[in-house]
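Structure first, then comments.
Each chain gets a letter, A, B and so on, in the order the sequences are listed, and its residues count up from 1.
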Protein chains: 2
Amino acid sequence: MSMPELGISVLMSQFRCNEVIPSKQHFLWLSTVGPMENLKIDRERRTTTDQVFEDLRDDILSLALLPGAKMSEAEVAARFGISRQPVRDAFNRLGHLGLLKIRPQRATVVRGFSIEKIAEARFIRLALELEVMKQACNVWDQKCSDSAMRNLEEQKAAIDAETLDRFHTLDFQFHLLICELGGCHHAIDTIMSCRQKTDRLCVLSFNRDKEVDSVIEEHHQLIAALNERDEAKATDIIRTHLGRLDSVVAEIQSKHAEYFE
Amino acid sequence: MSMPELGISVLMSQFRCNEVIPSKQHFLWLSTVGPMENLKIDRERRTTTDQVFEDLRDDILSLALLPGAKMSEAEVAARFGISRQPVRDAFNRLGHLGLLKIRPQRATVVRGFSIEKIAEARFIRLALELEVMKQACNVWDQKCSDSAMRNLEEQKAAIDAETLDRFHTLDFQFHLLICELGGCHHAIDTIMSCRQKTDRLCVLSFNRDKEVDSVIEEHHQLIAALNERDEAKATDIIRTHLGRLDSVVAEIQSKHAEYFE
DNA sequence: GCTGTTATACTAACATACCAGTTTAACCAA
DNA sequence: TTGGTTAAACTGGTATGTTAGTATAACAGC
């Protein structure tokens, strides 16, 4: 899987207080609503709750708020200069996303990583992407290949320019692009949701830049397999590709055990 | 709005006060918490919000509250004899589950079926169950077979006794059982969530009892395939099996177009 | 110093009041 | 009858007060 966005994320928390907020730019792909959250698009009006929710979510996903951090409705409300009510609503949303641990009459805290949840997200994403490959093999043509290739070239350019966050965005988009090209737009929301759950953790990984070359190579092989419409090969590559997550998880778990629960 | 929020739902509210609650019985399998809702198990205390949420969810999933029915925070609060606050929280949860359509300054309504959402749930469930079959083939043994067979026998008994709801519960458990036996407990929550989204619709189907024999037969074939550890055969059966949903959806869509959005 | 108790300072859940939009229907004019 | 205007009846979002339960620190007894 993917690589990380660290470094940058630490820088962001400083920017957040200014008016220029690069974090929103860099993490635009993270900020995109997930599968259960995209329901709020009905709400054409942007409420105070929405704003608080998004701000806090970005802080948590970027690790500006670390697992275990205490969050008080009153304190956050005061910080935002609003009443407790919208904060309470935002807390509830974050709680349902698994980002906050809310218990009555007890301090609300940022949830740590859960091995269980990570394994679940990995399994679901794997299952989905495997099926996507099958579907894609049925409809893949030169046009699809060109489109994917264009993204891949950008990935290489991003690596050469050492803009790792840009690469991460492109990697994210690459997988979604194949969904789209394969006619599996149904899978997109859920895959995004799965990545949100695991990518927060990758921020802490240090040796991610050592693996990007392999990632690029696998992306290349994937396109080749799709061009040949070789389903077996494509699914094999996906299994290997997503298997990379395991070592990252193991690394973080041993290095930052305090962030797990 | 379209449909009455009265009728059956009013009848049910009478039952709710009694000790025998048939609706809860019939839809017990539906009531089981979904993947995003099971997070609330942290809350060891059962809050008023929880109660309202579960009651309304059951009403919606059992179609006691039909798509399009208007729901007012104030009205529900008065009916439950509580303040608007817990109702509001419950509404928000239901909104995030895609069961309610909440818009500021506008009446909240029960969401109708969405072809998009149904297709999405179908795709995700298919992808997951396919991967489950692969995993299960690797670990399947006589003990697993016996366990699954026991459930299958109960299914047959339920059919003979003409207790269709009992059969439905067992069918639900059958698929989850294979997840568990195959070591894919990670998939359970999401599969349950997917079924919740589609099974509300199946309540309206009239000819499901005509298909149960085929369903039983496929379940039988599935166990046979797993016993032979024949991955290709197992996945083929799953594709056919889940494909049944399509005709049901088509039937309901033509017969109850007013429930779709 | 250590332990059990108690008082105090928290917490989120819940209740109530108000506000700003939306919907609806009554109404008047053409 | 029809089309446009307006006012009243709603809606959910927000603010604030109250309550019950929890954690913590001060403290009394040993």
What is the distance, rounded to the nearest whole Å, between atom NZ of A:K101 and atom P of C:dA12?
-> 14 Å
Could you please name the option among D:dG12, C:dC14, C:dA13 that lies closest to any side-chain atom of B:Q85?
-> C:dC14
Atom CZ of A:R103 and atom P of C:dA12: how far apart are they, to the nearest Å?
-> 11 Å
Whole angstrom value for the distance that separates P of D:dT14 from CZ of A:F80 = 13 Å
Is there a donor and acceptor pair closer than 3.5 Å between the side chain of B:Q105 and the base of D:dG12?
-> yes
For atom NZ of B:K70 and atom P of C:dT23, their distance in whole Å = 10 Å
Looking at the side chain of B:S72, which of D:dT11, D:dA20, D:dG13 is the nearest nucleotide?
-> D:dT11
side-chain N/O A:T108 vs C:dA12 OP1/OP2, d < 4.0 Å = yes
Answer with yes or no whether A:R84 presents, from its side chain, a donor or acceptor under 3.5 Å of a partner atom in the base of D:dG17.
-> yes
Interatomic distance, B:N92 CG vs C:dA13 C1' [rounded to whole Å] = 15 Å
Could you go step by step and tell me if B:I191 and B:I124 meet the side-chain contact (heavy atoms from CB on, under 4.5 Å) rule?
-> CA-CA 8 Å; B:I191 289 179; B:I124 294 167; over 6 Å; no
Should the pair B:R195-B:D171 be classified as a salt bridge under the 4.0 Å nitrogen-to-oxygen rule?
-> yes
May I ask you to verify if any side-chain N or O of B:T48 is less than 4.0 angstrom from the OP1 or OP2 atom of C:dC14?
-> yes
So, for A:T48 and A:I82, which heavy atoms are closest and what is the spacing to 0.1 Å?
-> CG2-CD1, 3.7 Å
B:Q253 and B:F113: side-chain contact (heavy atoms from CB on, under 4.5 Å), yes or no, with the steps?
-> CA-CA 9 Å; B:Q253 196 179 9; B:F113 305 115; over 6 Å; no
Between C:dT23 and B:R106, is there an OP1 or OP2 to side-chain N/O distance shorter than 4.0 Å?
-> yes
Report the nucleotide, chosen from D:dA15, D:dG12, C:dA15, that has the shortest atom-to-atom distance to any side-chain atom of A:S83.
-> D:dA15
To the nearest angstrom, how far is B:R88 atom CZ from D:dT11 atom C1'?
-> 11 Å
Whole-Å distance between D:dG12 P and B:L100 CG?
-> 10 Å
Work out which heavy atom in B:C202 is nearest to a heavy atom in B:V248; give both atom names and the distance.
-> SG-CG1, 4.1 Å
Mind calculating the distance between CD (B:E73) and P (C:dA17) to the nearest angstrom?
-> 16 Å
